[in-house]
Amino acid sequence: MKYDHRQLEKKWQDRWDAEHAFEAKNDYTKPKYYTLVEFPYPSGQGLHIGHPRPYTALDIVSRKKRMQGYNVLFPMGWDAFGLPTENYAIKHKIHPATVTKNNVKRFKEQLKSIGFSFDWSREINTTDPSYYKWTQWIFLQLYKHGLAYKKEMTVNFCTSCKVVLANEEVVNGVCERCGSEVVRKVKSQWMLKITDYAQRLIDDLADLDFIERVKTQEINWIGRSEGAEIVFSSTAGDGIQVFTTRADTLFGATYLVMSPEHKLIEKWADCISNIDEVREYQKNAAKKSDFERTELAKDKTGVKLEGVSAINPANGKTIPIYISDYVLSTYGTGAIMAVPAHDTRDYEFAKKFGLPIIEVVAGGDISEEAFTDVATGTLINSGFLNGKSVEEAKKAMIDWLEENGLGNRKINYKLRDWIFSRQRYWGEPVPMVYCEKCGWVPIPEEELPLELPNIEAYEPTDNGESPLSKCEDWVNTVCPKCGGPAKRETDTMPNWAGSSWYFLSYCDPHNADALASKEALDYWMPVDWYNGGMEHVTLHLLYSRFWAKFLYDIGVLSCPEPYLKRTAHGMILGENGEKMSKSKGNVINPDDIVAEFGADTLRLYEMFVGDFEKSAPWSPQSIRGCRRFVERVFSLTDIVSGEGITPELEQDFHRTVKKVTSDIDGMKFNTAIAQLMTLLNKIFEVGRLTKNELETYISLLCPFAPHICEEMWEQLGHSNLLSLSAWPSYDDSLTISETVEYVLQINGKLKSKIKLPAGTDEASAIEAALKDEKIADFTEGKQIVKKIFVPGKIINFVVR
RNA sequence: GCGGGUAUGGCGGAAUUGGCAGACGCGCUAGAUUCAGGUUCUAGUGGGGGCAACUUCGUGGAGGUUCAAGUCCUCUUACCCGCACCA
């Protein structure tokens, strides 16, 4: 029979739709399995060839779990708010909502053409008011619990997108999206207090089944560090608080450095004799972006505060105070104690400004460089700390500081609060109004959703305000609290908002009274397996864990973590091994591949190409091999004969069922396919197989290449769907051979092989091995020093 | 600089976790089928040596542990990813 993938794949996709085959049942008595893939941003380019890789992988997992009897939730939706859509809309004068609708339509067709078993009845769209109603509702809860606040701050502003960016969205000093210059601007922003959750976001990783690199990246991003805050008194009166992780080196602190933005400087203006020079430095520092301050200005600069000095609390010595932009105002206390002998940055600064370098930890050569090794050093020149190790000295010093009221233990995090405002149109409106009398007032929950007004001009304004600010009808409102005139917040939420809780919406997507019913959430959550890209680990993954924890705290969710298991896929690279991009001309369109080879072949290829977690180059040659495999499978029907089992194949079948089953669970899709190919080769070698065996074979292959398997299932006389039939089982005892081939070695080198019955004991195995001709040749006249017997594997003779 | 990762034939990649290196696929070679191209089928395919049975070398590099190392230990090189003056 001819294999016509176009006709065949369409037929089964329609059939699955018509029968609602993959809709998750709200039958809360069945065992559930929730598989989740990151929902795409429906861009104008359409589906990328990389999208199907993770989707196919979790489709395989979902299909197998379904066949194993689980109630599977494998949903899909659209993360549709965002800048590219807005920019496209501005350029082509089409409303973003229309652009989104068109893009979604195309994406959906593309996804359907690949045969994913998504539950389309639960499709969601973050730009749908019935969806973002709950995004806004969560924001209001955060506000009511003191976790959303407004703050004047210097922010990163993209000169091209005309929008404030989160720190995470600035890459190498330029806008992550458009690559334009990023400058610093002072703006009043909504902030979310993710820092309150920093410790829990670290601690709770411990029990989760996340791949290790995801855990370490999150932990590093949160950046916990333990140390102490120490107060240095000053000649200006105010104490200067510094944060340090090396309290043990306090005796070696020979100066202080404050960030240029430090608040005490203005307060001390009268005492500082070179205040003009200081202000000049501050001005220059303010002009620099974070990028310039870090990347481009490695060379240390600074100004000494003349007329003010500090006292080292450990030894009472008077030490100078500097300002320098190598000290960040946003971390710790914005001031440091400088210990040039044991910190490379302080060392560099001290060398440049001719400041004293006092060694307090012996073990290095401080005439050459700072000695920073904490494992081997011993304290010297440090009074009561002398002779102690670094760890002992840290503890002793902090104890002493605490006893004398000079300092205390302190834990700092690199994680900053989440800047939640965007001055753009195509996002969720922030449901807050500003009243001159009452300040910021949340809009009543029953007024949600606060819909995005349908305006004509969504171009960004030149002054950095949101396009919504021009929409006066919408902006001017009444205060929900006092009824007086008030103005709506015109900033919208960042595109990370909608994706921070979408996995909850899938549990019960059509609920008008709650973001999802409690029963649905209790049943489906947490997500059992979530796969996504490594690029989302420090943003989306962290943000959504934060929101889930908050919702857990206020009783909406019953689980403190949203995802039990997190894995990450590798990219599909261009043929030349480089990242696919239009400019490099190495982009592959999935539509073309589906048209030429079929969805089954594309799915198999993307799974077979290599380790799922590693990136792999696209190969137009290799995909032919997968197509050949599909065609060979299809021709199996021609050699079906009889019932029961084919003895030559029995063991191979049991082994294959075992391996494919465990490989899917272990994300080793490539070796599962290899195993199915090996079995196929064996079947053709034998030349026949029974109907039952063919049914087993296509059941195993069904998650990978569902269309062709459904077709063959039908040809074998079944009227039901293979996708909803039972997963094959195997008998472990039948995967083990009756005879075992032993490798015979002399001095660790392969010399011969013999077959022995399984379970042969050591003595008889060695006896049999010694009778082997080649072994006899090699051992003749020599002394056997040692005999090594590894059951079922190897017999090795060490001879002299 | 810190953190994480990778390195195996011409190519993509396997290797039950210390036990036959190169499964499976691509490509290539030869033959068959075909008017021909493609397809399909059969055989072969890590390097060196040998007509051959066989032999020797071989998992980025250098050492080491072991009867046995792609796998463990020490050092080292290259590349990729993340963070980056975080005190």
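Every value quoted in this text rests on a predicted model; they were computed, and no experiment measured them. Proteins get letters first, then strands, A, B, ... in listed order; numbering begins at 1 in each.
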Tell me, please, which residues at least two apart from [X] pass salt bridge (Lys or Arg N to Asp or Glu O under 4.0 Å).
X      : value
A:R628 : none
A:E535 : none
A:D343 : A:R345
A:K787 : none

Of all pairs that satisfy salt bridge (Lys or Arg N to Asp or Glu O under 4.0 Å), the ones with a partner from residues 742-753 of chain A, not counting sequence neighbours: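 For residues 742-753 of chain A, and leaving out neighbouring residues, there are no salt bridge (Lys or Arg N to Asp or Glu O under 4.0 Å) pairs at all.
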Heavy atom of residues 664-680 of chain A under 4.0 Å from RNA chain B: which residues?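 Output list: A:K668, A:N670, A:T671, A:A674, A:M677, A:T678.
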A:E762 CD to B:G19 C1', straight-line distance once rounded to whole Å: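 That distance rounds to 15 Å.
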N/O contacts under 3.5 Å, protein versus nucleotides 39-41 of chain B?
{"residue": "B:U40", "atom": "OP2", "partner": "A:R628", "partner atom": "NH1", "Å": "3.4"}
{"residue": "B:C41", "atom": "OP1", "partner": "A:R632", "partner atom": "NH1", "Å": "3.3"}

Please list, chain by chain and in numerical order, all residues satisfying ring-ring contact (aromatic ring centres under 6.0 Å, His included) with [X], sequence neighbours excluded.
X      : answer
A:F669 : A:F612
A:F210 : none
A:Y697 : none
A:F684 : none

Which is it for B:G44, anti or syn, if anything within 90° of zero counts as syn?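 What B:G44 shows is an anti base, its glycosidic angle lying more than 90° from 0.
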When you measure from the side chain of A:Q621, which nucleotide among B:G19, B:C57, B:C26 comes out closest?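 Among B:G19, B:C57, B:C26, the one nearest the side chain of A:Q621 is B:C26.
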Write out a two-atom table: protein N or O, nucleotide N or O from nucleotides 65-67 of chain B, distance below 3.5 Å.
{"residue": "B:C67", "atom": "OP1", "partner": "A:K786", "partner atom": "NZ", "Å": "3.2"}
{"residue": "B:C67", "atom": "O2'", "partner": "A:N796", "partner atom": "ND2", "Å": "3.3"}
{"residue": "B:C67", "atom": "O2", "partner": "A:N796", "partner atom": "ND2", "Å": "2.5"}

Using a 4.0 Å heavy-atom cut-off across all strands, classify A:S225 as base, sugar-phosphate, or nothing.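 Since only primed, P, OP1 and OP2 atoms lie under 4.0 Å of A:S225, the category is sugar-phosphate.
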Give one of base, sugar-phosphate or nothing for A:E741, where a contact means two heavy atoms less than 4.0 Å apart.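 The answer is base, as A:E741 lies within the cut-off (heavy atoms under 4.0 Å) of a base atom.
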